[in-house]
There are 2 protein chains.
Amino acid sequence: MPMPQTEAPGRLQAELLARGVRMTRQRRIILGLMETADQHLDAGMILRKARKLDPSINRVTVYRTLRLLKRHGLVDELDLLHLRGDGHYYERHPQREHLHMACLRCGKVMEFESSLFERLKGQVERDCGFHIVVTRVEMGGYCADCRR
Amino acid sequence: MPMPQTEAPGRLQAELLARGVRMTRQRRIILGLMETADQHLDAGMILRKARKLDPSINRVTVYRTLRLLKRHGLVDELDLLHLRGDGHYYERHPQREHLHMACLRCGKVMEFESSLFERLKGQVERDCGFHIVVTRVEMGGYCADCRR
DNA sequence: TCGCCTCCTGAAACCACGTTGCAAAAAGAC
DNA sequence: GTCTTTTTGCAACGTGGTTTCAGGAGGCGA
């Protein structure tokens, strides 16, 4: 499940520093691996990867860092329809929002950008007087490969 | 957070019977209150309501019934962006899918149907060769009332 | 109507994910 | 380097959901 690498590395760290957040060794590691990830990561995966770089990192720190990033709107939280379990998956907040397609058979997660979705958001804002801050679109189904 | 009452009461029960599922007193109660609910319910709310009708109902039975309904595609699962906690909310699977708008300030959940969303699904099916089975659209933001 | 097989239920224990409280450690401003 | 403030690791806790298993009920066929 490849994830487009659209942002400059180090951006998460730069954003936090610009907001006056203290930069620790642990945070640098976690931010770094989220920036170079080629798939959506959950807290457990992040912890395992982080421990390879620094075995003393605690899972609490991972959760706290994820919460920090979420609060600052720097990552989006997904659950990918619980196909792979109960937890949450994280991705850097993209400049252009996309929707997620998760294959019910092979588990692959694909992303898709569409101007129709931008129009849909515009319609919601106009027709409902609702000011959208975050969106989350997840579709479950069968990918081209699994349909044979 | 009103929920449009678009389906005939008893439909969930009829669907399960048609599929050869055994109908118990407990299931009748749970299905009945999901059909007449005027808002999205989570497992705890369903348990509390069910116990008013039959105090011996166990939470395990609620979870098992929800899983049964989910497996049969009769209810959709939402988490409404965790605005109200970690759990999941359930609604009867509607014939016309809609998106959910959750207000970050007052917690109100609104629903919205749009032909643009139908077109978006068509685009995904065509352009990605992805056969959509379930969708889930959640938007967080500020409702007309809370924007003053 | 009864009997029987099967499926379902309640109870308790369990599990996964995430959070909290607190003392020790580290950032970073001076 | 010193001092203040924030962050960390650890252990204990909370919540939402699942498993195991013995007993109980559904509903079919006679």
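Quick note on labels: first sequence line is chain A, next is B, and so on, each numbered from 1. Keep in mind the model is a prediction, meaning the values are calculated, not measured.
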Steps toward salt bridge (Lys or Arg N to Asp or Glu O under 4.0 Å) verdict (Arg96(B), Glu118(B)): CA-CA 9 Å; Arg96(B) 300 186 56 193; Glu118(B) 300 303 318; 5.8 Å; no

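When the nucleotides dG16(D), dG9(D), dT19(D) are ranked by their closest atom to the side chain of Asp86(B), dG16(D) comes out on top. When distances are taken from the side chain of Arg27(A) to each of dC8(C), dT7(D), dT19(D), the shortest belongs to dT7(D). Picking from dT18(D), dT19(C), dT20(D) the nucleotide with the shortest atom distance to the side chain of Tyr63(B) gives dT18(D). Among dT18(D), dT7(D), dC10(D), the nucleotide with an atom closest to any side-chain atom of Thr24(A) is dT7(D).
Nearer the 5' end of DNA chain D, as judged by each residue's closest nucleotide, is the contact made by Val60(A), out of Val60(A) and Met23(B). DNA chain D is contacted by both Leu17(B) and Ser56(A); Ser56(A) maps to the nucleotide lying nearer its 5′ end (nearest heavy atom per residue).
With hydrogens and angles disregarded, no donor-acceptor distance shorter than 3.5 Å links the side chain of Glu138(B) to the backbone of Val137(A).
Between the CD atom of Gln13(A) and the C1' atom of dA27(C) there is a distance of 14 Å, given to the nearest Å. Atom-to-atom, CG of Leu68(A) to P of dA27(C) comes out at 16 Å; the value is rounded to the nearest Å. Spacing between atom CG of Asn58(B) and atom P of dA12(C) amounts to 9 Å, rounded to whole angstrom units. Rounded to whole Å, atom C1' of dG16(D) lies 13 Å from atom CD1 of Ile46(B). We find that CE of Met45(A) is positioned 13 Å from P of dG18(C), with the value rounded to whole Å. Remark: C1' of dT9(C) and CZ of Arg51(B) are 13 Å apart, rounded to the nearest angstrom. For the pair His82(A) NE2 and dG16(D) P, the computed distance is 14 Å after rounding to whole Å. Atom CG in Leu47(B) sits roughly 14 Å away from atom P in dT9(C) (whole-Å rounding).
Contact annotation: side chain of Arg64(A) to base of dT19(C), donor-acceptor pair absent below 3.5 Å. A donor N or O paired with an acceptor N or O is found under 3.5 Å between the base of dG18(C) and the side-chain atoms of Arg59(A). Between the base of dT6(C) and the side chain of Arg22(B) there is a donor-acceptor pair shorter than 3.5 Å.
Of the side-chain N and O atoms in Gln26(B), none sit less than 4.0 angstrom from OP1 or OP2 of dA25(D). Residue Arg28(B) places no side-chain N or O under 4.0 Å from the OP1 or OP2 atom of dA25(D). Residue His88(A) has no polar side-chain atom (N or O) positioned under 4.0 Å from OP1 or OP2 of dC17(C).
The aromatic rings of Tyr142(B) and His131(A) sit parallel, their planes meeting at an angle under 30°, below the 60° perpendicular limit.
Here Asp79(A) pairs with Arg136(B) in a salt bridge; the nearest charged N to carboxylate O distance falls below 4.0 Å. A salt bridge links Lys70(A) and Glu77(A); the closest N-O separation between the charged side-chain nitrogens and carboxylate oxygens is under 4.0 Å.
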